[in-house]
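Residues take their numbers from the sequence shown, with the count starting at 1.
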Amino acid sequence: DDARARYLRDWIVHTETLGNRAYPAELINAGIRGRVVMAITLNAAGEVRGARIIGGSDNPVLRRAARSLVETAAPYPPVPEAVLEDRDTLVITRSWSFGGD
């Protein structure tokens, strides 16, 4: 629905904008590339209640970078009631690519 799509689009833009500004130098310098898939749980206030890595690279540097990206971008805007649909939390599953992979 429109509210859900809008919130997710805004969430991605917000997170990626901050993430691109804080791209870890250790990844660039070491030429580390890869993808990390995470499930991020937000409460109604937009606070991160969980960030689980569910796939992608096993590289610990990439995994730390993905977690840091999510934490650095927090807190997020409150999740609209229309998006929560009578739930307490919203889970966003997102794939993060580092180094163009």
Single-linkage hydrophobic cluster, 4.5 Å side-chain cutoff, [X] and [Y] together:
| X | Y | answer |
| --- | --- | --- |
| Leu90 | Ile12 | yes |
| Val91 | Trp96 | no |
| Val37 | Leu62 | no |

Listing request: all salt bridge (charged side-chain N to carboxylate O under 4.0 Å, His left out) pairs with a residue in residues 59-71, at least two apart in sequence or in separate chains.
Asp58-Arg63
Please evaluate residues Arg87 and Glu81 with respect to the criterion salt bridge (charged side-chain N to carboxylate O under 4.0 Å, His left out), reporting the C-alpha separation (whole Å), side-chain torsions for both, the decisive distance (0.1 Å), and the verdict.
CA-CA 9 Å; Arg87 291 183 296 254; Glu81 288 183 30; over 6 Å; no
Partners passing side chain to side chain donor-acceptor pair (under 3.5 Å) against Arg52 (at least two apart in sequence or in another chain):
none
Specify the closest pair of heavy atoms between [X] and [Y], including all atoms of both residues, with the distance to one decimal.
| X | Y | result |
| --- | --- | --- |
| Val48 | Tyr76 | CG2-CE1, 3.6 Å |
| Tyr7 | Pro80 | CD1-CD, 3.6 Å |
| Thr72 | Leu18 | O-CD1, 4.3 Å |
| Gly46 | Leu42 | O-CD2, 4.0 Å |

Between the main-chain N or O of Ala73 and the side-chain N or O of His14, is there a donor-acceptor pair closer than 3.5 Å?
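At least one qualifying donor-acceptor pair exists.
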Is it true that a side-chain atom of Arg4 and a backbone atom of Val83 form a donor plus acceptor pair closer than 3.5 Å?
yes
How far does [atom1] of [X] sit from [atom2] of [Y], to the nearest 0.5 angstrom?
| X | Y | atom1 | atom2 | value |
| --- | --- | --- | --- | --- |
| Arg35 | Ser97 | CZ | OG | 7.0 Å |
| Arg33 | Ser57 | CZ | OG | 12.5 Å |
| Thr15 | Ile40 | OG1 | CD1 | 7.5 Å |
| Asn43 | Leu84 | CG | CG | 9.0 Å |

Are the side chains of Asn59 and Ile32 in contact, using a 4.5 Å heavy-atom criterion?
yes
With a distance cut-off below 6.0 Å to the six-membered ring centre and an angular limit of 45° from the axis, does Arg9 pair with Trp11 as a cation-pi contact?
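No - Arg9 does not lie over the ring of Trp11 by the 6.0 Å and 45° rule.
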